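Worksheet: the structure to be examined is printed underneath.
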Amino acid sequence: MASDSWALAVDQQEAAVKSISNLQIKEERVKSDTNGVIKTNATAEKTDEEEKEDRAAQSLLNKLIRSNLVDNTNQVEVLQRDPKSPLYSVKSFEELRLKPQLLQGVYAMGFNRPSKIQENALPMMLAEPPQNLIAQSQSGTGKTAAFVLAMLSRVEPAERYPQCLCLSPTYELALQTGKVIEQMGKFHPELKLAYAVRGNKLERGQKISEHIVIGTPGTVLDWCAKLKNCQMLLFSATFEDSVWKFAQKVVPDPNIIKLKREEETLDTIKQYYVLCSNRDEKFQALCNLYGAITIAQAMIFCHTRKTASWLAAELSREGHQVALLSGEMMVEQRAAVIERFREGKEKVLVTTNVCARGIDVEQVSVVINFDLPVDKDGNPDNETYLHRIGRTGRFGKRGLAVNMVDSKHSMNILNRIQEHFNKKIERLDTDDLDEIEKIAN
DNA sequence: AAAAAAT
């Protein structure tokens with residue numbers, strides 16, 4: 001991979017960068033003859049009673065999601081590497097003086113005005129000479145479009161070698177970001193994109209002629225011997241302390257955009273918990289909620305692959321059509337499942353932390369933590385919590401997050417998450433159908 | 001515990 005200059009974008013970097021520095025891979029591939037989608041009974045004619053339940057469910061959902069949209073007065077900390085240089089922020093894409101094909105691509109995607117993070121980050125990313133950036137912005141606020149725009153503005157399509165590298169923590173996110181690159185770059189017909197993901201091997205001595213390489217850590221390391229003369233752009237919704245220190249160590253002389261702690265959560269996402277005493281009760285509570293969560297689309301997170309496949313099978317047995325996605329499946333299946341979910345062919349996706357970060361499916365209005373996110377020591381995983389609930393409430397939309405609590409221990413975890421973000425998570429009782437009716441009306 | 005590379 002010979003090149004004179006580089007742009008490197010790292011998305012959700014706490015995961016991607018950490019895995020680069022800690023690559024101990026023990027892969028067990030599990031064979032499966034399903035494509036990850038579990039289907040059951042085709043929907044029969046609905047009875048009056050079912051129609052009534054549907055209306056109650058819709059009403060409940062509206063009630064739960066309803067909240068005042070807060071204005072966008074973000075408390076952001078912006079640090080420039082050269083404090084004396086003036087601080088630019090742009091209010092329109094025209095001000096950036098992009099190549100016409102690129103501006104056309106931006107508008108074709110339906111963006112009219114830059115989002116908050118784009119206003120601040122774009123001038124820094126496009127500055128000459130190139131400057132590095134470490135940037136934080138809430139989930140669903142346009143980080144991907146920001147760094148994709150920066151990458152595309154640096155690409156010289158006439159030159160046939162890789163000029164940008166984009167690193168993602170998971171296969172699905174790499175595919176998703178690749179799609180954004182293709183959409184925004186569609187008026188550069190010569191532009192080529194290569195995926196450095198599991199299964200795509202580079203033959204010895206094989207030259208890469210694509211302009212942009214996007215991939216996951218292991219394969220990307222395999223492809224690249226070294227990176228030099230490289231502008232680095234790191235984006236994430238969260239920067240846990242140790243990651244923050246690490247980011248500053250590996251990115252020389254960066255500009256910085258950082259959120260204050262109290263600004264990390266989105267008030268547009270209403271958070272609840274459901275109190276149960278064991279897994280079976282959680283399952284029952286989930287079934288009670290099912291009508292409400294399938295009004296639009298929902299993602300259900302489990303702690304392990306095993307729980308996820310168990311839950312998907314149980315829901316399926318109850319007659320619900322759900323999709324299952326976890327890292328034990330083969331990549332072809334994973335691509336097919338996420339594609340079907342995007343198209344709305346399944347309304348519910350049961351998954352693991354593989355889908356916690358970055359996945360952007362606009363129709364997802366509910367996130368359910370069937371298991372609360374905990375780290376390897378059993379402590380609350382606040383970052384993952386924020387990423388998971390951030391699968392809803394994207395780009396200013398409202399969203400609902402429901403946490404299933406099944407013990408004193410998990411209640412304690414939830415309380416600690418609540419304290420960490422200083423954000424009230426309210427009790428929701430799904431066992432009491434009367435009460436649900438009351439909330440719904 | 002999940003995810004991320006091939007050996």
Side-chain angles (χ1 to χ4, degrees), chain A residues 1 8 10-30 32 36 165-178 194-206 208 213-225 236 238 240 243 246 279 299-312 324-335 337-338 349-359 367 369-388 390-391 404 406 409-410 413 417:
Chain A
M1 248 199 214
L8 170 68
V10 183
D11 194 12
Q12 311 292 359
Q13 58 70 233
E14 66 274 56
V17 175
K18 263 187 178 170
S19 41
I20 275 204
S21 62
N22 183 25
L23 281 170
Q24 286 287 329
I25 287 108
K26 260 277 163 73
E27 203 59 49
E28 78 279 5
R29 303 220 64 58
V30 178
S32 166
L165 174 65
C166 179
L167 206 48
S168 298
T170 62
Y171 172 71
E172 287 77 8
L173 190 55
L175 296 189
Q176 173 181 291
T177 308
Y195 290 89
V197 295
R198 181 147 54 190
N200 289 356
K201 282 186 74 175
L202 209 57
E203 297 302 321
R204 233 156 63 95
Q206 183 184 344
I208 304 166
V213 174
I214 176 160
T216 44
T219 313
V220 166
L221 272 193
D222 198 36
W223 282 28
C224 320
S236 182
T238 62
E240 184 259 328
V243 178
F246 183 73
R279 194 174 75 167
M299 291 173 75
I300 305 179
F301 288 95
C302 300
H303 190 47
T304 66
R305 300 166 167 187
K306 202 175 148 197
T307 308
S309 71
W310 168 83
L311 181 59
L324 170 66
L325 179 49
S326 84
E328 71 186 3
M329 291 154 49
M330 289 183 302
V331 286
E332 297 79 9
Q333 281 187 6
R334 291 169 58 169
V337 170
I338 196 79
L349 181 67
V350 180
T351 188
T352 63
N353 279 345
V354 68
C355 286
R357 291 161 190 263
I359 296 302
V367 167
N369 286 320
F370 191 78
D371 299 312
L372 297 178
V374 291
D375 64 18
K376 60 179 173 12
D377 305 315
N379 290 315
D381 186 344
N382 298 311
E383 288 68 43
T384 300
Y385 180 84
L386 202 64
H387 284 285
R388 280 185 182 181
R391 293 320 93 218
M404 316 287 270
D406 63 1
H409 177 247
S410 61
I413 302 279
I417 291 173

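Every chain is numbered from 1, with letters handed out A, B, ... down the list of sequences. Keep in mind it's a predicted model, so treat the numbers as computed, not measured.
Nucleotide dA3(B) holds its C1' atom 13 Å from the CG atom of Leu167(A), rounded to whole Å. Rounding to whole angstrom units, CD of residue Glu172(A) and P of dA4(B) are separated by 7 Å. As rounded to whole Å, 10 Å separates atom P of dA3(B) from atom CE of Met329(A). The OH-C1' distance, from Tyr171(A) to dA4(B), rounds to 14 Å in whole Å. Going from atom CG of Leu324(A) over to atom P of dA2(B) covers 13 Å, rounded to whole Å. Regarding Phe301(A), its CZ atom lies at a distance of 12 Å from the C1' atom of dA2(B), rounded to whole Å. Between the CG atom of Leu372(A) and the P atom of dA1(B) there is a distance of 16 Å, rounded to whole Å. Rounded to whole Å, atom P of dA2(B) lies 13 Å from atom CZ of Arg334(A).
In this structure, the separation between CG on Asp381(A) and CZ on Arg388(A) is 8.0 Å, given to the nearest 0.5 Å. One finds the CZ atom of Phe301(A) at 11.0 Å from the NE2 atom of His387(A) (value rounded to the nearest 0.5 Å).
Applying the 4.0 Å criterion to OP1 and OP2 of dA2(B), one finds that Arg388(A) has every side-chain N and O outside that range. Close to dA2(B), at under 4.0 Å from its OP1 or OP2, lies no side-chain N or O of Ser326(A). The phosphate of dA4(B) (OP1 or OP2) has a side-chain N or O of Arg198(A) nearer than 4.0 angstrom. Side-chain N/O atoms of Thr352(A) include one lying less than 4.0 angstrom from OP1 or OP2 on dA3(B). OP1 and OP2 of dA4(B) both lie 4.0 Å or more from every side-chain N or O belonging to Thr170(A).
Here dA1(B) is the nucleotide among dA3(B), dA5(B), dA1(B) with the atom lying nearest to any side-chain atom of Lys376(A). When distances are taken from the side chain of Lys201(A) to each of dT7(B), dA5(B), dA1(B), the shortest belongs to dT7(B). Each of dA5(B), dA3(B), dA2(B) was ranked by its minimum atom distance to the side chain of Thr304(A); first place goes to dA2(B).
Residues passing the salt bridge (charged side-chain N to carboxylate O under 4.0 Å, His left out) test with Asp406(A), sequence neighbours excluded: Lys282(A).
If you check every strand for non-hydrogen atoms under 4.0 Å, Gly199(A) touches sugar and phosphate atoms only.
At distances below 3.5 Å, at least one donor-acceptor pair connects side-chain atoms of Gln176(A) with backbone N or O atoms of Gly358(A). Checking side-chain atoms of Arg391(A) against main-chain N and O of Ala356(A) turns up a donor-acceptor pair under 3.5 Å.
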